[in-house]
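In what follows, a structure is listed as C-alpha coordinates, so that the remarks can point back to it.
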Number of protein chains: 2
Amino acid sequence: MNPDDRREAIIAATLAVMQRQGIAATTVRDVAAELGASSGLIHHYMTSMDELIAEAFERSAGADLLTTSNLVEQGRDPIEQMRFFFDSYTRSDGDSGMQLWLDAWAEAARRPELRQISQRLNKAWQQLICSIIEGGVRAGLMTCLDPVAAAWRILSLLDGLHLQEVAHSDSVTGAQVTKWSRRGAEIELGLPLGTLTEREPS
Amino acid sequence: MNPDDRREAIIAATLAVMQRQGIAATTVRDVAAELGASSGLIHHYMTSMDELIAEAFERSAGADLLTTSNLVEQGRDPIEQMRFFFDSYTRSDGDSGMQLWLDAWAEAARRPELRQISQRLNKAWQQLICSIIEGGVRAGLMTCLDPVAAAWRILSLLDGLHLQEVAHSDSVTGAQVTKWSRRGAEIELGLPLGTLTEREPS
DNA sequence: GACGCTATTGCGCAAATGTCCAATAATCAC
DNA sequence: GTGATTATTGGACATTTGCGCAATAGCGTC
(Lines give C-alpha, C1' and ligand atoms only; values in the text may rest on other atoms or scores of the structure.)
Protein backbone atom coordinates (compact mmCIF):
# COMPACT_ATOMS: atom_id res chain seq x y z
CA MET A 1 0.00 0.00 0.00
CA ASN A 2 1.13 3.50 -0.79
CA PRO A 3 2.80 5.03 2.29
CA ASP A 4 0.76 8.22 2.07
CA ASP A 5 -2.49 6.31 1.71
CA ARG A 6 -1.50 4.01 4.53
CA ARG A 7 -0.85 6.97 6.76
CA GLU A 8 -4.25 8.38 5.95
CA ALA A 9 -5.86 5.01 6.59
CA ILE A 10 -4.22 4.82 10.00
CA ILE A 11 -5.45 8.28 10.92
CA ALA A 12 -8.95 7.44 9.71
CA ALA A 13 -9.00 4.24 11.75
CA THR A 14 -7.73 6.10 14.79
CA LEU A 15 -10.50 8.65 14.42
CA ALA A 16 -13.12 5.93 14.20
CA VAL A 17 -11.88 4.35 17.41
CA MET A 18 -11.63 7.72 19.14
CA GLN A 19 -15.20 8.59 18.27
CA ARG A 20 -16.40 5.22 19.48
CA GLN A 21 -14.43 4.90 22.72
CA GLY A 22 -13.13 8.35 23.56
CA ILE A 23 -9.59 9.66 23.41
CA ALA A 24 -8.44 8.28 26.74
CA ALA A 25 -9.58 4.75 25.89
CA THR A 26 -8.01 4.62 22.43
CA THR A 27 -5.21 2.04 22.27
CA VAL A 28 -2.77 1.01 19.59
CA ARG A 29 -4.30 -2.44 19.46
CA ASP A 30 -7.79 -1.09 18.93
CA VAL A 31 -6.59 1.05 16.05
CA ALA A 32 -4.81 -1.94 14.54
CA ALA A 33 -7.94 -4.05 14.79
CA GLU A 34 -10.03 -1.28 13.21
CA LEU A 35 -7.48 -1.07 10.43
CA GLY A 36 -7.27 -4.83 10.00
CA ALA A 37 -3.51 -4.75 10.44
CA SER A 38 -0.91 -5.41 13.10
CA SER A 39 -0.02 -3.09 15.93
CA GLY A 40 3.56 -2.85 14.82
CA LEU A 41 2.51 -1.17 11.61
CA ILE A 42 1.13 1.83 13.45
CA HIS A 43 4.48 2.54 15.03
CA HIS A 44 6.16 2.16 11.68
CA TYR A 45 4.30 5.29 10.54
CA MET A 46 3.81 7.16 13.81
CA THR A 47 6.50 7.93 16.34
CA SER A 48 4.20 7.80 19.33
CA MET A 49 0.62 7.28 20.39
CA ASP A 50 0.27 10.89 21.48
CA GLU A 51 1.25 12.12 18.06
CA LEU A 52 -1.27 9.80 16.44
CA ILE A 53 -4.10 10.96 18.67
CA ALA A 54 -3.20 14.60 18.19
CA GLU A 55 -3.07 14.23 14.43
CA ALA A 56 -6.37 12.40 14.22
CA PHE A 57 -8.09 14.98 16.37
CA GLU A 58 -6.64 17.82 14.31
CA ARG A 59 -7.82 16.19 11.11
CA SER A 60 -11.37 15.80 12.36
CA ALA A 61 -11.77 19.12 14.15
CA GLY A 62 -9.94 21.03 11.44
CA ALA A 63 -12.29 19.66 8.80
CA ASP A 64 -15.32 20.78 10.83
CA LEU A 65 -13.88 24.27 11.11
CA LEU A 66 -13.22 24.43 7.39
CA THR A 67 -16.74 23.26 6.56
CA THR A 68 -18.31 25.90 8.76
CA SER A 69 -15.92 28.58 7.55
CA ASN A 70 -16.77 27.86 3.93
CA LEU A 71 -20.48 27.90 4.62
CA VAL A 72 -20.24 31.22 6.45
CA GLU A 73 -18.47 32.77 3.48
CA GLN A 74 -21.51 32.08 1.38
CA GLY A 75 -23.74 34.22 3.57
CA ARG A 76 -24.67 37.41 1.78
CA ASP A 77 -24.88 39.56 4.89
CA PRO A 78 -23.64 39.22 8.49
CA ILE A 79 -27.04 38.11 9.74
CA GLU A 80 -27.17 35.27 7.25
CA GLN A 81 -23.53 34.46 7.97
CA MET A 82 -24.32 34.11 11.64
CA ARG A 83 -27.30 31.94 10.83
CA PHE A 84 -25.16 29.73 8.63
CA PHE A 85 -22.63 29.54 11.41
CA PHE A 86 -25.21 28.18 13.84
CA ASP A 87 -26.64 25.83 11.21
CA SER A 88 -23.22 24.34 10.58
CA TYR A 89 -22.02 24.26 14.18
CA THR A 90 -25.04 22.51 15.57
CA ARG A 91 -25.13 20.03 12.70
CA SER A 92 -21.48 18.96 12.83
CA ASP A 93 -22.15 17.97 16.40
CA GLY A 94 -24.45 15.21 15.23
CA ASP A 95 -21.80 12.55 14.86
CA SER A 96 -20.66 12.91 18.45
CA GLY A 97 -17.75 15.12 17.49
CA MET A 98 -18.45 17.04 20.65
CA GLN A 99 -17.43 14.14 22.87
CA LEU A 100 -14.06 14.37 21.15
CA TRP A 101 -13.81 18.02 22.07
CA LEU A 102 -14.70 17.22 25.66
CA ASP A 103 -11.97 14.60 25.79
CA ALA A 104 -9.52 16.97 24.14
CA TRP A 105 -10.17 19.75 26.64
CA ALA A 106 -9.86 17.39 29.57
CA GLU A 107 -6.67 15.81 28.23
CA ALA A 108 -5.15 19.13 27.19
CA ALA A 109 -3.67 19.52 30.65
CA ARG A 110 -1.75 16.29 30.24
CA ARG A 111 -0.95 16.12 26.51
CA PRO A 112 0.91 19.23 25.30
CA GLU A 113 0.53 18.39 21.60
CA LEU A 114 -3.22 17.99 21.92
CA ARG A 115 -3.42 21.16 23.95
CA GLN A 116 -1.67 23.18 21.29
CA ILE A 117 -4.05 21.96 18.61
CA SER A 118 -7.25 22.48 20.56
CA GLN A 119 -6.11 25.94 21.60
CA ARG A 120 -5.32 26.95 18.05
CA LEU A 121 -8.63 25.65 16.72
CA ASN A 122 -10.67 27.28 19.47
CA LYS A 123 -8.99 30.58 18.73
CA ALA A 124 -9.84 30.16 15.05
CA TRP A 125 -13.50 29.51 15.91
CA GLN A 126 -13.57 32.63 18.04
CA GLN A 127 -12.02 34.70 15.27
CA LEU A 128 -14.57 33.42 12.79
CA ILE A 129 -17.39 34.57 15.03
CA CYS A 130 -15.59 37.83 15.76
CA SER A 131 -15.25 38.74 12.10
CA ILE A 132 -18.96 38.11 11.52
CA ILE A 133 -19.84 40.38 14.43
CA GLU A 134 -17.46 43.12 13.25
CA GLY A 135 -19.09 42.99 9.83
CA GLY A 136 -22.52 43.17 11.40
CA VAL A 137 -21.61 46.16 13.54
CA ARG A 138 -20.05 47.95 10.56
CA ALA A 139 -23.20 47.40 8.53
CA GLY A 140 -25.35 48.68 11.39
CA LEU A 141 -27.11 45.31 11.68
CA MET A 142 -25.78 44.31 15.09
CA THR A 143 -25.14 46.12 18.36
CA CYS A 144 -21.97 45.14 20.19
CA LEU A 145 -19.56 47.13 22.31
CA ASP A 146 -16.85 44.47 22.50
CA PRO A 147 -16.82 42.00 19.59
CA VAL A 148 -13.86 40.05 20.95
CA ALA A 149 -15.60 39.38 24.26
CA ALA A 150 -18.93 38.75 22.54
CA ALA A 151 -17.35 36.17 20.23
CA TRP A 152 -15.81 34.33 23.17
CA ARG A 153 -19.17 34.41 24.90
CA ILE A 154 -21.06 33.00 21.92
CA LEU A 155 -18.48 30.26 21.44
CA SER A 156 -18.41 29.44 25.16
CA LEU A 157 -22.19 29.41 25.34
CA LEU A 158 -22.36 26.94 22.48
CA ASP A 159 -19.66 24.74 23.97
CA GLY A 160 -21.18 24.91 27.44
CA LEU A 161 -24.63 23.91 26.19
CA HIS A 162 -23.26 21.16 23.97
CA LEU A 163 -21.31 19.91 26.91
CA GLN A 164 -24.49 19.44 28.90
CA GLU A 165 -26.11 17.68 25.99
CA VAL A 166 -23.22 15.25 25.52
CA ALA A 167 -22.57 14.57 29.18
CA HIS A 168 -26.17 14.58 30.47
CA SER A 169 -28.45 13.96 27.54
CA ASP A 170 -31.66 14.09 29.54
CA SER A 171 -30.85 17.47 31.10
CA VAL A 172 -30.44 19.44 27.89
CA THR A 173 -31.54 18.14 24.49
CA GLY A 174 -30.11 18.92 21.08
CA ALA A 175 -33.18 20.93 20.17
CA GLN A 176 -32.72 23.07 23.26
CA VAL A 177 -29.08 23.67 22.45
CA THR A 178 -30.09 24.91 19.01
CA LYS A 179 -32.87 27.13 20.28
CA TRP A 180 -31.20 28.51 23.39
CA SER A 181 -27.83 29.26 21.82
CA ARG A 182 -29.38 31.17 18.91
CA ARG A 183 -31.59 33.14 21.27
CA GLY A 184 -28.52 33.91 23.38
CA ALA A 185 -26.70 35.30 20.37
CA GLU A 186 -29.71 37.41 19.46
CA ILE A 187 -29.71 38.94 22.92
CA GLU A 188 -25.96 39.39 22.86
CA LEU A 189 -26.03 41.25 19.53
CA GLY A 190 -29.23 43.21 19.99
CA LEU A 191 -31.13 41.31 17.30
CA PRO A 192 -34.92 40.93 17.21
CA LEU A 193 -36.30 37.66 18.50
CA GLY A 194 -36.23 34.99 15.80
CA THR A 195 -33.59 36.60 13.61
CA LEU A 196 -31.27 33.63 13.96
CA THR A 197 -33.91 30.92 14.09
CA GLU A 198 -32.98 27.79 12.18
CA ARG A 199 -34.18 27.78 8.59
CA GLU A 200 -35.48 24.73 6.78
CA PRO A 201 -32.83 23.60 4.28
CA SER A 202 -34.21 24.52 0.84
CA MET B 1 -7.95 4.91 63.59
CA ASN B 2 -11.72 5.28 63.76
CA PRO B 3 -13.30 3.67 60.67
CA ASP B 4 -15.43 6.72 59.90
CA ASP B 5 -12.48 9.04 60.21
CA ARG B 6 -10.37 6.72 58.12
CA ARG B 7 -12.98 6.73 55.41
CA GLU B 8 -13.04 10.49 55.40
CA ALA B 9 -9.26 10.59 55.31
CA ILE B 10 -9.22 8.31 52.28
CA ILE B 11 -11.72 10.49 50.46
CA ALA B 12 -9.76 13.62 51.33
CA ALA B 13 -6.53 12.06 50.08
CA THR B 14 -8.28 10.95 46.89
CA LEU B 15 -9.54 14.45 46.33
CA ALA B 16 -6.05 15.89 46.76
CA VAL B 17 -4.64 13.51 44.16
CA MET B 18 -7.56 14.11 41.81
CA GLN B 19 -7.07 17.86 41.96
CA ARG B 20 -3.36 17.48 41.34
CA GLN B 21 -3.42 14.90 38.55
CA GLY B 22 -6.95 14.77 37.20
CA ILE B 23 -9.52 12.01 37.55
CA ALA B 24 -8.19 9.77 34.79
CA ALA B 25 -4.67 9.74 36.23
CA THR B 26 -5.69 9.01 39.82
CA THR B 27 -4.50 5.58 40.94
CA VAL B 28 -4.92 3.57 44.11
CA ARG B 29 -1.19 3.74 44.77
CA ASP B 30 -1.12 7.52 44.47
CA VAL B 31 -3.95 7.82 46.96
CA ALA B 32 -2.18 5.45 49.33
CA ALA B 33 1.02 7.49 49.09
CA GLU B 34 -0.91 10.70 49.71
CA LEU B 35 -2.51 9.08 52.71
CA GLY B 36 0.75 7.63 53.98
CA ALA B 37 -0.74 4.15 54.06
CA SER B 38 -0.77 1.00 52.02
CA SER B 39 -2.80 0.39 48.91
CA GLY B 40 -4.58 -2.54 50.47
CA LEU B 41 -6.19 -0.26 53.02
CA ILE B 42 -8.08 1.65 50.38
CA HIS B 43 -9.74 -1.51 49.16
CA HIS B 44 -10.61 -2.45 52.69
CA TYR B 45 -12.89 0.60 52.85
CA MET B 46 -13.91 1.04 49.21
CA THR B 47 -15.35 -1.66 47.01
CA SER B 48 -13.91 -0.23 43.80
CA MET B 49 -11.87 2.59 42.39
CA ASP B 50 -14.84 3.99 40.50
CA GLU B 51 -16.84 4.29 43.67
CA LEU B 52 -13.99 6.09 45.38
CA ILE B 53 -13.58 8.59 42.58
CA ALA B 54 -17.30 9.23 42.33
CA GLU B 55 -17.58 9.79 46.07
CA ALA B 56 -14.61 12.14 46.20
CA PHE B 57 -15.92 14.18 43.30
CA GLU B 58 -19.36 14.41 44.84
CA ARG B 59 -17.88 15.54 48.14
CA SER B 60 -15.86 18.30 46.52
CA ALA B 61 -18.39 19.56 44.01
CA GLY B 62 -21.25 19.28 46.45
CA ALA B 63 -19.38 21.42 48.98
CA ASP B 64 -18.77 24.11 46.36
CA LEU B 65 -22.46 24.18 45.52
CA LEU B 66 -23.40 24.47 49.18
CA THR B 67 -20.93 27.30 49.75
CA THR B 68 -22.27 29.29 46.84
CA SER B 69 -25.87 28.53 47.74
CA ASN B 70 -25.35 29.77 51.28
CA LEU B 71 -23.65 32.93 50.10
CA VAL B 72 -26.44 33.66 47.64
CA GLU B 73 -29.02 33.36 50.42
CA GLN B 74 -27.36 36.24 52.20
CA GLY B 75 -27.96 38.62 49.30
CA ARG B 76 -30.63 41.15 50.21
CA ASP B 77 -32.00 41.52 46.70
CA PRO B 78 -31.77 39.49 43.47
CA ILE B 79 -29.10 41.78 42.03
CA GLU B 80 -26.87 41.29 45.04
CA GLN B 81 -27.65 37.57 45.02
CA MET B 82 -26.49 37.34 41.43
CA ARG B 83 -23.36 39.27 42.27
CA PHE B 84 -22.65 36.94 45.20
CA PHE B 85 -23.21 34.00 42.88
CA PHE B 86 -20.53 35.21 40.49
CA ASP B 87 -18.18 36.10 43.34
CA SER B 88 -18.44 32.60 44.73
CA TYR B 89 -18.43 30.73 41.45
CA THR B 90 -15.34 32.39 40.08
CA ARG B 91 -13.50 32.09 43.38
CA SER B 92 -14.13 28.41 43.98
CA ASP B 93 -12.49 27.82 40.64
CA GLY B 94 -9.19 29.07 42.04
CA ASP B 95 -8.03 25.73 43.33
CA SER B 96 -8.39 24.13 39.93
CA GLY B 97 -11.68 22.54 40.80
CA MET B 98 -12.66 23.20 37.22
CA GLN B 99 -10.26 20.61 35.85
CA LEU B 100 -12.20 18.11 37.95
CA TRP B 101 -15.42 19.17 36.28
CA LEU B 102 -13.84 18.86 32.86
CA ASP B 103 -12.71 15.34 33.66
CA ALA B 104 -16.11 14.50 35.09
CA TRP B 105 -17.96 15.69 32.00
CA ALA B 106 -15.62 13.82 29.69
CA GLU B 107 -15.83 10.63 31.74
CA ALA B 108 -19.58 10.90 32.29
CA ALA B 109 -20.25 9.05 29.05
CA ARG B 110 -18.30 6.06 30.31
CA ARG B 111 -18.85 6.07 34.09
CA PRO B 112 -22.55 5.93 34.97
CA GLU B 113 -22.03 6.72 38.66
CA LEU B 114 -20.03 9.83 37.87
CA ARG B 115 -22.54 10.85 35.24
CA GLN B 116 -25.42 10.70 37.65
CA ILE B 117 -23.60 12.88 40.16
CA SER B 118 -22.46 15.52 37.70
CA GLN B 119 -25.89 15.68 36.13
CA ARG B 120 -27.61 16.15 39.46
CA LEU B 121 -25.19 18.87 40.54
CA ASN B 122 -25.37 20.74 37.24
CA LYS B 123 -29.15 20.76 37.48
CA ALA B 124 -28.89 22.14 41.00
CA TRP B 125 -26.59 24.93 39.81
CA GLN B 126 -29.04 25.81 37.07
CA GLN B 127 -31.94 25.87 39.50
CA LEU B 128 -30.02 28.15 41.82
CA ILE B 129 -29.49 30.65 39.02
CA CYS B 130 -33.06 30.22 37.84
CA SER B 131 -34.53 31.07 41.23
CA ILE B 132 -32.42 34.23 41.42
CA ILE B 133 -33.65 35.31 37.99
CA GLU B 134 -37.27 34.59 38.85
CA GLY B 135 -36.92 36.69 41.96
CA GLY B 136 -35.35 39.47 39.93
CA VAL B 137 -38.10 39.44 37.36
CA ARG B 138 -40.79 39.42 40.05
CA ALA B 139 -39.19 42.44 41.70
CA GLY B 140 -38.98 44.22 38.37
CA LEU B 141 -35.18 44.37 38.59
CA MET B 142 -34.42 42.04 35.68
CA THR B 143 -35.85 41.49 32.21
CA CYS B 144 -36.12 37.88 31.09
CA LEU B 145 -38.68 36.09 28.94
CA ASP B 146 -37.48 32.56 29.71
CA PRO B 147 -35.72 32.18 33.07
CA VAL B 148 -35.09 28.45 32.58
CA ALA B 149 -33.27 29.00 29.30
CA ALA B 150 -31.48 32.07 30.65
CA ALA B 151 -30.22 30.13 33.66
CA TRP B 152 -28.86 27.38 31.43
CA ARG B 153 -27.20 30.01 29.27
CA ILE B 154 -25.54 31.76 32.20
CA LEU B 155 -24.31 28.47 33.61
CA SER B 156 -23.09 27.26 30.22
CA LEU B 157 -21.39 30.56 29.52
CA LEU B 158 -19.52 30.33 32.80
CA ASP B 159 -18.55 26.72 32.21
CA GLY B 160 -17.54 27.38 28.62
CA LEU B 161 -15.31 30.28 29.57
CA HIS B 162 -13.78 28.45 32.51
CA LEU B 163 -13.14 25.55 30.20
CA GLN B 164 -11.04 27.76 27.95
CA GLU B 165 -9.17 29.11 30.93
CA VAL B 166 -8.35 25.67 32.30
CA ALA B 167 -7.52 24.01 28.99
CA HIS B 168 -5.77 26.91 27.26
CA SER B 169 -4.59 29.31 29.93
CA ASP B 170 -3.04 31.79 27.53
CA SER B 171 -6.19 32.13 25.40
CA VAL B 172 -8.55 33.26 28.13
CA THR B 173 -7.39 34.46 31.55
CA GLY B 174 -9.18 34.22 34.87
CA ALA B 175 -9.73 37.98 34.87
CA GLN B 176 -11.40 37.78 31.48
CA VAL B 177 -13.66 34.96 32.64
CA THR B 178 -14.78 37.11 35.55
CA LYS B 179 -15.34 40.21 33.45
CA TRP B 180 -16.88 38.60 30.38
CA SER B 181 -19.25 36.26 32.18
CA ARG B 182 -20.66 39.04 34.37
CA ARG B 183 -21.10 41.31 31.37
CA GLY B 184 -22.83 38.44 29.57
CA ALA B 185 -25.29 38.03 32.43
CA GLU B 186 -25.97 41.77 32.44
CA ILE B 187 -26.84 41.64 28.75
CA GLU B 188 -28.93 38.52 29.23
CA LEU B 189 -30.97 40.06 32.03
CA GLY B 190 -31.23 43.59 30.71
CA LEU B 191 -29.08 45.08 33.47
CA PRO B 192 -27.09 48.31 33.12
CA LEU B 193 -23.40 47.91 32.40
CA GLY B 194 -21.43 47.35 35.60
CA THR B 195 -24.33 46.14 37.74
CA LEU B 196 -22.66 42.79 38.35
CA THR B 197 -19.06 44.00 38.47
CA GLU B 198 -16.99 42.32 41.13
CA ARG B 199 -16.96 44.16 44.44
CA GLU B 200 -13.94 44.44 46.71
CA PRO B 201 -14.44 42.18 49.74
CA SER B 202 -15.10 44.54 52.66
C1' DG C 1 -0.78 -11.29 80.50
C1' DA C 2 -3.75 -13.89 77.16
C1' DC C 3 -7.17 -13.70 73.74
C1' DG C 4 -9.93 -12.14 69.90
C1' DC C 5 -11.25 -8.86 66.72
C1' DT C 6 -10.11 -5.80 63.16
C1' DA C 7 -7.32 -2.33 61.10
C1' DT C 8 -3.33 -2.54 58.28
C1' DT C 9 0.40 -4.25 55.63
C1' DG C 10 2.96 -5.55 51.56
C1' DC C 11 3.33 -8.49 48.14
C1' DG C 12 1.52 -11.15 44.24
C1' DC C 13 -1.49 -11.79 40.23
C1' DA C 14 -3.66 -11.09 35.92
C1' DA C 15 -4.76 -7.92 32.55
C1' DA C 16 -3.70 -4.04 29.67
C1' DT C 17 -0.66 -0.73 27.42
C1' DG C 18 3.15 1.74 24.66
C1' DT C 19 7.17 0.60 22.47
C1' DC C 20 10.55 -1.97 20.13
C1' DC C 21 12.58 -5.56 17.17
C1' DA C 22 13.91 -9.62 14.62
C1' DA C 23 11.67 -12.28 11.11
C1' DT C 24 8.86 -12.44 6.96
C1' DA C 25 6.33 -11.02 2.83
C1' DA C 26 5.88 -8.14 -0.97
C1' DT C 27 7.55 -5.27 -4.61
C1' DC C 28 10.50 -3.50 -7.95
C1' DA C 29 14.92 -2.62 -10.59
C1' DC C 30 18.12 -4.98 -13.32
C1' DG D 1 15.32 -15.01 -11.83
C1' DT D 2 17.96 -12.41 -8.36
C1' DG D 3 18.94 -9.18 -5.11
C1' DA D 4 17.75 -5.12 -2.56
C1' DT D 5 14.61 -2.31 -0.50
C1' DT D 6 10.67 -1.64 2.23
C1' DA D 7 6.10 -2.70 4.04
C1' DT D 8 4.27 -5.73 7.44
C1' DT D 9 3.97 -9.11 10.95
C1' DG D 10 3.56 -11.02 15.54
C1' DG D 11 5.29 -11.40 19.64
C1' DA D 12 8.59 -9.97 23.55
C1' DC D 13 9.33 -6.67 27.19
C1' DA D 14 8.92 -3.47 30.78
C1' DT D 15 5.63 -0.82 33.10
C1' DT D 16 1.32 0.25 35.19
C1' DT D 17 -3.17 -0.74 36.74
C1' DG D 18 -7.08 -2.55 39.97
C1' DC D 19 -7.74 -6.02 43.05
C1' DG D 20 -7.25 -9.96 46.39
C1' DC D 21 -5.13 -12.36 50.17
C1' DA D 22 -2.34 -14.33 53.71
C1' DA D 23 0.35 -12.40 57.38
C1' DT D 24 1.01 -8.88 60.89
C1' DA D 25 0.22 -5.30 64.23
C1' DG D 26 -2.57 -2.80 67.29
C1' DC D 27 -5.97 -2.51 70.77
C1' DG D 28 -9.68 -3.32 73.88
C1' DT D 29 -11.71 -7.09 77.10
C1' DC D 30 -11.48 -10.42 80.46
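Within every chain, numbering begins at 1; the chains are lettered A, B, ... in the order of the sequence lines, protein sequences first and strands thereafter. Excluded from the calculations below are hydrogen atoms, water molecules and symmetry mates; all remaining heavy atoms, backbone and side chain alike, are included.
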**Salt-bridge present (B:Arg110, B:Glu107; N to O < 4.0 Å)** = no
**Request:** Check the distance between C:dT19's C1' and A:Asp50's CG and give it to me in whole angstrom.
**Result:** 13 Å
**Asked** Judged by modelled atom types alone, do A:Asp30 and A:Thr27 share a side-chain donor-acceptor pair under 3.5 Å?
**Response** yes
Check the interface with nucleotides 5-9 of chain C: list each N/O to N/O pair with the protein under 3.5 Å, or write none.
| residue | atom | partner | partner atom | Å |
| --- | --- | --- | --- | --- |
| C:dT8 | OP1 | B:Arg6 | NE | 3.4 |
| C:dT8 | OP1 | B:Arg6 | NH2 | 2.8 |
| C:dT8 | OP2 | B:Arg6 | NE | 3.1 |
| C:dT8 | OP2 | B:Tyr45 | OH | 3.0 |
| C:dT9 | OP2 | B:Ser38 | N | 3.0 |
| C:dT9 | OP2 | B:Ser38 | OG | 3.0 |

**Request:** Considering only NZ, NE, NH1 and NH2 on the basic side and carboxylate oxygens on the acidic side, decide whether A:Glu34 and A:Arg20 come within less than 4.0 Å.
**Result:** yes
**Request:** Assign B:Thr26 to base, sugar-phosphate, or nothing according to its heavy-atom contacts below 4.0 angstrom with the strands shown.
**Result:** sugar-phosphate
**Item:** Length of the CZ-P vector between A:Arg110 and C:dG18, whole Å
**Value:** 15 Å
**Asked** Can a salt bridge be assigned to the pair A:Arg7 and A:Glu55 using a cut-off of 4.0 Å between side-chain N and carboxylate O?
**Response** yes
**Fill in**
Rounded to whole Å, the CG-P distance (A:Asn2 to C:dA26) equals 18 Å
**Prompt:** Whole Å only: how far is the CE atom of B:Met46 from the P atom of D:dG20?
**Reply:** 15 Å
**Asked** Taking atom P of C:dA16 as reference, at what distance in whole Å does atom CZ of A:Arg29 sit?
**Response** 10 Å
**Request:** Check the distance between C:dA16's P and A:Gln21's CD and give it to me in whole angstrom.
**Result:** 13 Å
**Prompt:** For A:Gln116, does the CD atom have more than 12 heavy-atom neighbours from other residues, nucleotides or ligands under 6.0 Å away?
**Reply:** no
**Item:** Test applied, side-chain hydrogen bond (donor to acceptor under 3.5 Å, both in side chains); reference residue, A:Asn122; option that passes from A:Trp101, A:Trp105, A:Trp152
**Value:** A:Trp105
**Asked** Looking at B:His43, does any N or O in its side chain come under 4.0 Å of the phosphate oxygens OP1/OP2 on D:dC19?
**Response** yes
**Asked** Nearest-Å distance, CE (A:Met49) to P (C:dA16)?
**Response** 16 Å
